[in-house]
Structures are given as C-alpha cells and as structure tokens.
Amino acid sequence: RAAAVTARFKNRPGGVLTQESLGPDGGHTTLVLRLPGGRYAQMKSWHSRDPNANSVATSRGLEARNGRDPLAVLAADTAEYQAFRRTFQELEDELVAFRRDLHSHPELAGAEVRTTTVVADRLTAAGLWVRLLAGSGLVADIGPVDPAYRVALRADLDALPVVERTGLPFASLNDGVCHACGHDLHITAVLGAGLALQQHVESLTAQGTGVRLIFQPAEEGGGGAREMIGDGLFEQFPMDAVFGMHNWPGTQVGKFAVS
C-alpha cells in the first residue's frame with residue numbers, strides 16, 4: 001500500500017521523500033508530501049512480515065521547522081542517521097573488546113577504581129571533557145559548553161558479589177565478583193554513544209544541543225545515585241533530560257521495553 005502511494009505522488013511538483021527502515025519483523029515507511037499553499041503532510045506506516053499481523057498507518061500535518069522545508073529536514077535527518085550507523089559499525093570491534101575487558105575486571109560498589117579509570121581515559125583520548133566526581137563517579141560532556149538543550153545518558157559501574165561459572169575466555173578474573181547484572185554492557189553502550197557523538201559534534205553544536213554522560217557508582221544497593229544527587233550533581237551539571245536503560249537478555253535484540 002505504501003509503495004502504491006509513493007508511485008502516485010513521486011512525480012508531482014514538490015516531490016516526495018520516502019524513508020524505509022527494514023528489520024527482521026517488518027519495516028517502517030515514511031512519506032512527506034508538499035501540499036498546495038505551503039503545507040506539508042507526513043504519513044508513517046508499519047508493515048509486518050507476519051501475514052496475520054495488522055499494518056498500522058498514521059498521518060499528521062507538518063510545519064516548517066525553523067523556516068526549513070520539512071522535506072529537506074527529513075532528508076538531512078536520514079543522511080545523518082546513516083552516518084551514525086557507519087560510525088557505530090566502525091566502533092563495533094573496539095566496543096566488543098572494551099566490554100569484555102570490563103567483564104574480566106569487575107569491581108564491587110564503591111570500589112570501581114579501575115573501571116572509572118579506563119572509561120575516563122578512553123573518553124579523554126576521544127576529546128570529551130571529563131570530570132571525576134567524589135567516590136568513583138564520572139561526568140563527561142560533548143557539544144557546546146552552554147547549549148540550548150542538554151540531554152544526559154546514564155550508566156552504572158559496579159558488579160555483584162557473584163562467582164562466575166560461564167567458562168568464557170573473558171570471564172571474571174576477580175574471584176567472587178562478576179558483572180552478572182550486565183553493567184559492563186551499560187558502561188560500553190554509553191561510552192560507545194559518547195565516542196560516536198563526539199565524531200559528529202559539529203552537528204550537535206549546530207543544533208545547540210549538548211550531551212552529558214553520567215557514570216554512576218554503587219548502583220547495587222550502595223545508594224550511588226542518591227549520593228551523587230546529594231553531592232549536587234544536578235546543580236553542578238544541569239541537564240534537561242536523563243535517559244538510561246537496563247539490558248534484559250530475554251528481550252529480542254533490537255527491541256526496547258518501556259514501563
């Protein structure tokens with residue numbers, strides 16, 4: 001159905017931009033149409049590979065963003081997304097190795113000395129502005145010093161007092177301590193996001209957007225978040241929004257669950 005709509009509109013004055021994202025379960029198609037009178041419309045559709053599943057389509061009117069043509073905005077956003085994908089592909093091998101190194105050297109709540117050091121060293125080498133906090137916390141910034149909007153990405157640093165019996169070549173070298181909760185993944189995800197965003201810092205600066213990375217110690221019952229907030233985290237390092245996630249091995253790769 002989306003292909004038919006595309007064919008119908010693609011030769012009209014003003015054109016149409018089609019953006020498709022395909023995955024194992026199906027794909028999204030986005031159509032942006034320039035209408036008479038300087039108006040725009042956007043249609044998004046979800047089409048499933050499952051023949052018994054329903055397709056979903058939504059539509060809405062669009063306004064020019066900061067005086068820019070929505071067609072041009074979507075085209076630029078699509079190109080930027082593809083550029084980020086290439087950056088993450090280039091970082092993949094390094095991030096896998098980094099995560100396995102963290103997994104081999106887990107540290108308990110409040111004792112994340114090596115963990116914080118290797119994170120700080122890598123981010124500093126990439127050109128991020130890194131500040132070590134009381135205890136073993138860490139904050140790192142990307143983008144303008146005084147942005148119009150700042151978003152934070154948060155990860156936790158500590159491991160659990162658990163004996164690892166996986167037999168993996170990168171299993172814990174610290175007897176009785178293990179990243180059984182997956183904080184090594186959280187650290188690597190936020191670090192990887194920081195490394196990728198730093199490679200596209202000009203885009204952030206042009207948009208007036210800053211990104212702040214927060215690495216929190218003592219999540220496992222140690223009250224690390226409470227201590228960072230009590231020490232003035234949000235007063236010293238203000239931000240407009242904070243995002244964090246927790247890995248869940250039972251969830252399909254590429255899916256997020258929100259509560």
Enquirer: At their closest point, which heavy atom of Gly210 faces which heavy atom of Pro147, and how far apart are they?
Expert: N-CB, 3.5 Å

Enquirer: Are any of the side-chain heavy atoms of Val139 and Leu213 separated by less than 4.5 Å?
Expert: no

Enquirer: Is a donor on one side and an acceptor on the other found under 3.5 Å between the side chain of Glu94 and the backbone of Glu92?
Expert: no

Enquirer: Using the rule given for side-chain contact (heavy atoms from CB on, under 4.5 Å), can you reason through His200 versus Thr87, listing the C-alpha separation, both sets of side-chain angles and the distance that settles it, and then say yes or no?
Expert: CA-CA 9 Å; His200 299 270; Thr87 299; 2.7 Å; yes

Enquirer: Using a distance-only test with no angle check, is there a side-chain donor-acceptor pair under 3.5 angstrom linking Ser172 and Glu164?
Expert: no

Enquirer: Look at the rings of His103 and His179 and say which category their plane angle falls in: under 30° parallel, 30 to 60° tilted, over 60° perpendicular.
Expert: tilted

Enquirer: Are the side chains of Arg131 and Leu138 in contact, using a 4.5 Å heavy-atom criterion?
Expert: no

Enquirer: Quick one: does any side-chain atom of Glu107 pair with a main-chain N or O of Ala159 as donor and acceptor, under 3.5 Å?
Expert: no

Enquirer: Using 0.5 Å steps for rounding, measure from the CD atom of Gln89 to the CZ atom of Phe84.
Expert: 13.5 Å

Enquirer: If you measure from CD1 on Ile187 to OG1 on Thr116, what distance do you get to the nearest 0.5 Å?
Expert: 8.0 Å

Enquirer: Looking at Asp240 and Arg150, does any basic side-chain N land under 4.0 Å from a carboxylate oxygen?
Expert: no

Enquirer: Can you tell me how far the OG1 atom of Thr205 sits from the CD1 atom of Ile142, to the nearest 0.5 Å?
Expert: 10.5 Å

Enquirer: Are any of the side-chain heavy atoms of Phe234 and Met228 separated by less than 4.5 Å?
Expert: no

Enquirer: If I take atom CG from residue Asp158 and atom CD from residue Glu219, how far apart are they, to the nearest 0.5 angstrom?
Expert: 6.0 Å

Enquirer: CG of Asp156 to CD1 of Ile214: how many Å apart, nearest 0.5 Å?
Expert: 12.0 Å

Enquirer: Output, in order, the C-alpha distance, side-chain angles, deciding distance and verdict of side-chain contact (heavy atoms from CB on, under 4.5 Å) for Cys178 and Arg165.
Expert: CA-CA 10 Å; Cys178 173; Arg165 297 187 176 90; over 6 Å; no

Enquirer: Of all heavy-atom pairs between Leu153 and Ala193, which one has the smallest distance, and what is that distance?
Expert: CD1-CB, 3.9 Å

Enquirer: Do Asp101 and Arg114 come close enough that some side-chain heavy atom pair is under 4.5 Å?
Expert: yes

Enquirer: Working note: Leu133 + Leu233, criterion side-chain contact (heavy atoms from CB on, under 4.5 Å); need CA distance, chi angles, decisive distance, verdict.
Expert: CA-CA 9 Å; Leu133 307 181; Leu233 174 69; 4.3 Å; yes

Enquirer: Judged by modelled atom types alone, do His105 and Asn174 share a side-chain donor-acceptor pair under 3.5 Å?
Expert: no

Enquirer: Quick one: closest heavy-atom pair of Leu108 and Pro161, and the distance?
Expert: CD2-N, 3.6 Å

Enquirer: Could I get the full list of side-chain contact (heavy atoms from CB on, under 4.5 Å) partners for Ala126, not counting sequence neighbours?
Expert: Arg122, Leu128, Leu195

Enquirer: Between Arg100 and Asp184, is there a side-chain N and carboxylate O pair less than 4.0 Å apart?
Expert: no

